[in-house]
Every structure is written in C-alpha cells, then in structure tokens.
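Below, chain A is the first sequence line, B the second, and so on; all start at residue 1. Keep in mind that the numbers below use all heavy atoms, side chains included, and drop hydrogens, waters and symmetry copies.
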Number of protein chains: 2
Amino acid sequence: MATAGTGTRKAQGERTHAAILESAVHIASAEGLEGLTIGRLAAELEMSKSGLFAHFGSKEELQLATIDAARSIFIRDVMRPAMEVPAGIARLWKLCDTWLGHVEAEVFRGGCFFAAVAAEFDSRPGPVRDRIADIMKEWLGMLRLTIAEAQEAGHLASTADPEQMAFEFNALELGANWSMQLHGYSQAFTRARDAILQRLQTCATTKGASLLPRGNKLAAKKRLKRIKGKPCAGDP
Amino acid sequence: MATAGTGTRKAQGERTHAAILESAVHIASAEGLEGLTIGRLAAELEMSKSGLFAHFGSKEELQLATIDAARSIFIRDVMRPAMEVPAGIARLWKLCDTWLGHVEAEVFRGGCFFAAVAAEFDSRPGPVRDRIADIMKEWLGMLRLTIAEAQEAGHLASTADPEQMAFEFNALELGANWSMQLHGYSQAFTRARDAILQRLQTCATTKGASLLPRGNKLAAKKRLKRIKGKPCAGDP
DNA sequence: CCTACCGATCGGTAGG
DNA sequence: CCTACCGATCGGTAGG
C-alpha cells in the first residue's frame, strides 16, 4: 500500500487521524473508553465534534481504533524490546521488567491502558469487550510461551507450570499498576519485580540463575543461600 | 440509637433506603459508580427519580453511601469470618481463602466491588476516590497485620516481610478477579489459592506448616519435599 | 414520596 | 472538514 505524499489531502487526513488516536489513548487510559467522549476529544484537538466524528462513523469504531492504537504502542514498547533478547529466562525477565517499566514511566496518563479498559468493559458484552479480551489473551499467551521457551532452554525446572507462572506474573503486574494508580505507591514496582525475580530464582536451574540480573540486592543474597535440587514452587 | 417501629413512616423510609443501597451495590459492581445513574436505579426499584434522589441529596452522596454499604458486606462476609479463627497462619489463610470465595461466589454481579470502583475512580480526584482509597488501605492494613500476627505466633519465618506478602496476596486476589471477569477463567481462583498457599508454605515454620490445610493435593506433595531451614522466599 | 420541569451534554445526522 | 441541528438522558430543582 503506497503512502500518500505529505502535501496531499489524504496525507493531511491521515495525520489528523493519527493525532486523534494519540489523544484518545491518553484520555481513555485515565478516564475510560466511555469517558472518552467525542465532544471532549474534539475540544482537546480544537476541531468540531462532527469533523472528528467523520473519521470513525460511530463511537464504537472510535473505541476499537483507540484499543488498536494502544496495542501497537504496547507491542512497540514492551514486546519488541523483549524479542531482541535471546529466548530463555533472560527474555522472560526482560518482558516482565519492561512491562513494569512501561507502566512506571507513565507512558499513559492513567497507567496501564488495558488494565483500565478491561475493568471498565468486563461487564459490557459487545465488540469492544471482545477486542480487549482477545488482546489480553494474546498478551497472556505471549507470556506463557516465553516461560515455556525458558523451560525448553533448560533455564527453568521442567516441573514448572507456565500457565500458573503466567497467571502470577500478570497478577503482580496488575497489582503494581493498581497500587500506583490508587495510592501513588511507587514502591509497588519494586515489590512486583522482587516477587517475580524471587519466583524465577526459586524455579531456575543453575544455568538459568546465572542469566538473571545481578544488580538486585535481594537477588544476590538469595542466590547464595539457594538450595539446589529442591522442587520448584508451584509445581503440580 | 433506638430503632423505629416497623409500621412507622420512619421505618418505611429506612427500608426503602436499605433497598436502594442493596440494588446500588450490585449495579455499581458491574457498571461502575458512574454507570449507577439515578434514573436507572429508580427504574429498577420502580420509583421516581426525584423520590429516590431525596434520600441522598446528590449523586456523590449516593456513591459514598453505596461504597459504605459494600464495605459493610465485605466486613461481614470476609473479615468477620476470619476473626473467628485464632490469630496466626490459620487466620491468614482463612482471610485469603474467604476473600477469594467471596468473589468466586459472585456475591456482586460484577465480581469484586472494590476492584471495579478503584479502577474507575483512580484518575478522578475527590471524596469518592478518597473513600475508596481509604477502605483499600484499611484492607491492606488488615492483611499486613494478620501476616505480622502469624509471624509473631511463630508460624512464619522471622525474616518474612509482611508488607511484601500483603502486596503479593492482594495482587493475586485482584488478578483472579480480573481473569474471571474478563475471560470467565474460573480456574483463576485455584491458581490464586495455589500461589498463596505455596508462598505460605515456603515461609512457614514447621509449626506454621502444620496449621495449613491438608486437602490441597499440591500442598500435600510439596510439604513432603519441603526443605526445612531454607530462607523464606522474598525476605529482605 | 410524587409530577413537572431545567440546563448541560451525550451520540449522531443533514447538508454543505 | 464545517454549522446547525435532533432526541435521549444526565444530575438536579420547584413545589407540593
């Protein structure tokens, strides 16, 4: 698909479209996809309601487009950087650490975009809810796959359960976001990192443990005391 | 404070007030405290908007009263039952297990009332947000205290960090609620229980471990393999 | 507790 | 991309 020249009417339309979605993602992360009203968005962008409306055709289409824009940012800022690290426990740690860093850096005003909109739409059936659920399944699948790869690489004990670990890591990430947003508890990110790192160290093989970061004080202390060959926490 | 007779006008007013709040808690857990509109609530109770409105004086007062009603239910259904168990690791497990059971039983249509409204209001400063945050601090404080008591009773290693554990257990509980609400993933509650029980067993003293439930297959298997005297996961 | 209203804002449309 | 609308619904009020 050819890109239109920067001076054409079409190119201008695409710039406006992109500017709308950038504002929309920020508003929706803080005020929800219903709080994202067309009038408010138009005011922020200094254009008329109907002018903005013409880009989407319905509020639902605007919501879906906003969700996809947030997904693209998440892939670019969290998933892609992890993919540049070799598969295994290092990539797994990178994925969790970057996710927490992404929320910690307040890329979106309301913290984690998907935590916010999932809570908002979990009781509202329809295409918007379905799209959010699909993206969250995609994320959990990616996390589970990354855990399974670390296991196949011999970095995690063969008895570890990737589904269980993915559930726990996702919960810790949601919990950190929740604490930060509600209480401004910025330590939450350290708490979540400590919990994840601890869980990884408990399950790691000797080879796997050597690939985990050394900076963490807790981590270093723990590793010294680690008892090899004990069962992995949470195994079936 | 004397209670009015059941036939008096005041008593009727109190019954109506209570009926409004019961509906309000259910609606708000599913559709949020903004989705809780006065018109919708009045329709559900088959009364006029203004008749209902007269009970509260403003939407904000209705929201605050709804939050306090949900808090009372939480205290009655989760905190009080745990208080009937002796302080220590047994009470701690009871508190976590009952919390998960409360959400699992879908006492409220939208799952955990406070998870829903906290996410909704975390970006909206004001008395409503402050009240939600205070109640969540109260809950986290209760959880942390219960952990500290288990430690003082010699059921948990003295090196355990109650603040860290409270953060993790709260996250697992929020994560279970989130998975259930968004994906209908009913296994989430078992996942959360397994994670919490595993964490408790890792940190428990021999005495503490003997007070944990025996029913769990994972738990029983784990306990056999447990290596005594190793450091507690997540210790500082 | 009611009927009858109010101004503001919502998503959306007509017509250009 | 605009102005000028529409019906519906919101929180809230007057007056009883």
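The neighbour count for B:E22 CD, taken as heavy atoms of other residues, nucleotides or ligands under 6.0 Å away, does not exceed 12.
Separating the CG atom of B:L62 from the P atom of D:dC10 is a distance of 13 Å, rounded to the nearest angstrom. Put simply, CZ on A:F56 is 18 Å from C1' on C:dT13, counting in whole angstrom units. C:dT9 atom P lies 15 Å from atom CD of A:E31, rounded to whole Å. As rounded to whole Å, 11 Å separates atom P of D:dA14 from atom CZ of B:F53. Whole-Å rounding puts the A:R40 CZ to C:dG11 P distance at 12 Å. When rounded to the nearest whole Å, the span between CG of B:L52 and P of D:dG12 equals 12 Å. In this structure, A:L41 places its CG atom 11 Å from P of C:dC10, rounding to the nearest Å. Rounded to a whole Å, the CD1 atom of A:I38 is 14 Å from the P atom of D:dC2.
Remark: D:dT9 base-pairs with C:dA8; criterion is Watson-Crick or G-U wobble with both hydrogen-bond distances under 3.5 Å. Checking D:dG16 for Watson-Crick or G-U wobble geometry (two distances, each under 3.5 Å) identifies C:dC1 as its partner.
Between D:dG11 and B:S58, no contact under 4.0 Å exists linking OP1 or OP2 to a side-chain N or O.
In this structure, the side chains of A:E34 and A:K59 come closer than 4.5 Å at one or more pairs of heavy atoms.
Within the 3.5 Å criterion, the main-chain N or O of A:A30 finds no donor-acceptor partner in the side chain of A:R109.
When ring centroids are compared, B:F113 and B:H26 stay outside the 6.0 Å threshold.
Taking the six-membered ring for Trp and thresholds of 30 and 60 degrees, B:F74 and B:W139 have ring planes more than 60 degrees apart, a perpendicular arrangement.
The base of C:dT9 does not come close enough to the side chain of A:T37 for any donor and acceptor atom to sit less than 3.5 Å apart.
Of the listed nucleotides (C:dG11, C:dC1, D:dA14), C:dG11 has the atom at the smallest distance from the side chain of A:K49. Here the nucleotide nearest the side chain of B:A54, chosen from D:dA14, C:dC1, D:dG12, is C:dC1. For B:S50, taking side-chain heavy atoms from C-beta onward, the closest of the listed nucleotides D:dC1, C:dC1, C:dA4 is C:dA4. Nearest nucleotide to the B:S48 side chain, out of C:dC2, C:dG12, D:dT13: C:dC2. Closest approach to the B:M47 side chain among D:dT3, C:dC2, D:dG12 is made by C:dC2 (side chain taken as heavy atoms from C-beta onward).
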